[in-house]
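Data block below; observations after.
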Amino acid sequence: GVYTDGTHSGYNINNNVFYGNVFGLYFDSDGTTPSSADDNCIASNNASGPASGNGIYEDQGLENASIDDNAFVNNSNSAILLVNETDVDIENNSSAGDADLVDYFQDSSSGDGVVSGGTVSGNTVTGDPYGGVYLCGSTGIVIENNTVIGGAEAAGVYVDGGTDQGASTNNCANTTDLTVNGDQYESVGDGFYAYDGSLSGSTIENSTATDSSDDGFYTGSGGNTFSADTASGSANFDCQDTTSGSGTAGTDDTWSNDTGNTSSPAGICSSGPATGVPDFPSAPLALGFGLLPAVVLLRFGRARRNHAG
């Protein structure tokens, strides 16, 4: 649709319709002055070609930009896919029928990839099969006050990496200093999900997960704080933490004033002993490819491990 060059800045890509392209907008900027992609309709950008299926895409390090008040519809890979970024705010967008709202990839192939800063706030995601926010390495991202509804394999927030790598070859860097605050997840696979060893130094607070088909809040990563979160109606556990250490209930995390009827181990949420553990379903692998030959991505392969109770 439209291409912006990463050696310049100050772009304003507003009030357009991007429909039926390979991807809608290639959005890059060196960040000298702010750039924006706001108030656009970005739909069905699934034509054959590199990086197909993305509404907004970049793979060279977008900086100092906003992606606000857009309507994303039926982009088959992701509404927004960012490979390396600094201080990009994604606010008040809607996503319906895309694979998910936003994917962050910290490209470690050259050793200098960075995903740092920025806010994902006030967005509404409806029926996206993979849900809200996917993180493959990041530092200092703030995710707040988003609503994610539906999607059998969806997660409101999904942190990949660590020792498991999501059964994919993404080779994600770990995520640190993540803040999740005030999100609402309804009828998704997991409200919040962090793979083993993928997340540290982060806070998940004041968020709600209802009627998850697996867990409301799941972590296999230690050194994090869960505070004042609420989960109910989860098919597996409302709260599950598979780490071990000197934290709450023998985990390596701090759980404080969290509420859930079922938890493993018992005590991380306000009530409910652990019960039987169903297998966690496998998800299909979807591919995405970088626009430039130097960046070749394997989009998140969400073949999840079975949970251990």
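Between Tyr134 and Phe105, the ring-plane angle classifies as tilted under the 30° and 60° cut-offs. Classification of the Tyr26-Tyr57 ring pair by plane angle, with boundaries at 30° and 60°, yields tilted.
Residues satisfying the side-chain hydrogen bond (donor to acceptor under 3.5 Å, both in side chains) criterion with Asp252, sequence neighbours excluded, are absent altogether. A search for side-chain hydrogen bond (donor to acceptor under 3.5 Å, both in side chains) contacts involving Asn14 returns Ser36, not counting sequence neighbours. A search for side-chain hydrogen bond (donor to acceptor under 3.5 Å, both in side chains) contacts involving Asn46 returns Ser76, not counting sequence neighbours. Scanning for side-chain hydrogen bond (donor to acceptor under 3.5 Å, both in side chains) contacts around Asn206 gives Asn181, with sequence neighbours left out.
Between the side chains of Thr33 and Ser9, at least one donor N or O sits under 3.5 Å from an acceptor N or O.
The heavy-atom pair separating Asn93 from Asn123 by the smallest distance is N-OD1, 2.8 Å. Across Ser198 and Ser221, no two heavy atoms sit closer than the pair N-OG, 2.8 Å.
When hydrophobic side chains of Ile, Leu, Val, Met, Phe, Trp and Tyr are connected at separations under 4.5 Å, Val17 ends up clustered with Tyr19.
By the 4.5 Å heavy-atom criterion applied to side chains, Ile56 and Leu25 are counted as neighbours. Glu85 is listed as a side-chain neighbour of Ile141, based on a closest heavy-atom distance under 4.5 Å.
The list of disulfide bond (SG atoms under 2.5 Å apart) pairs with a residue in residues 204-257, not counting sequence neighbours, reads Cys239-Cys269.
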Going through the checks in order, is the side-chain contact (heavy atoms from CB on, under 4.5 Å) test met by Thr4 and Ile13?
-> CA-CA 9 Å; Thr4 65; Ile13 312 299; 4.1 Å; yes
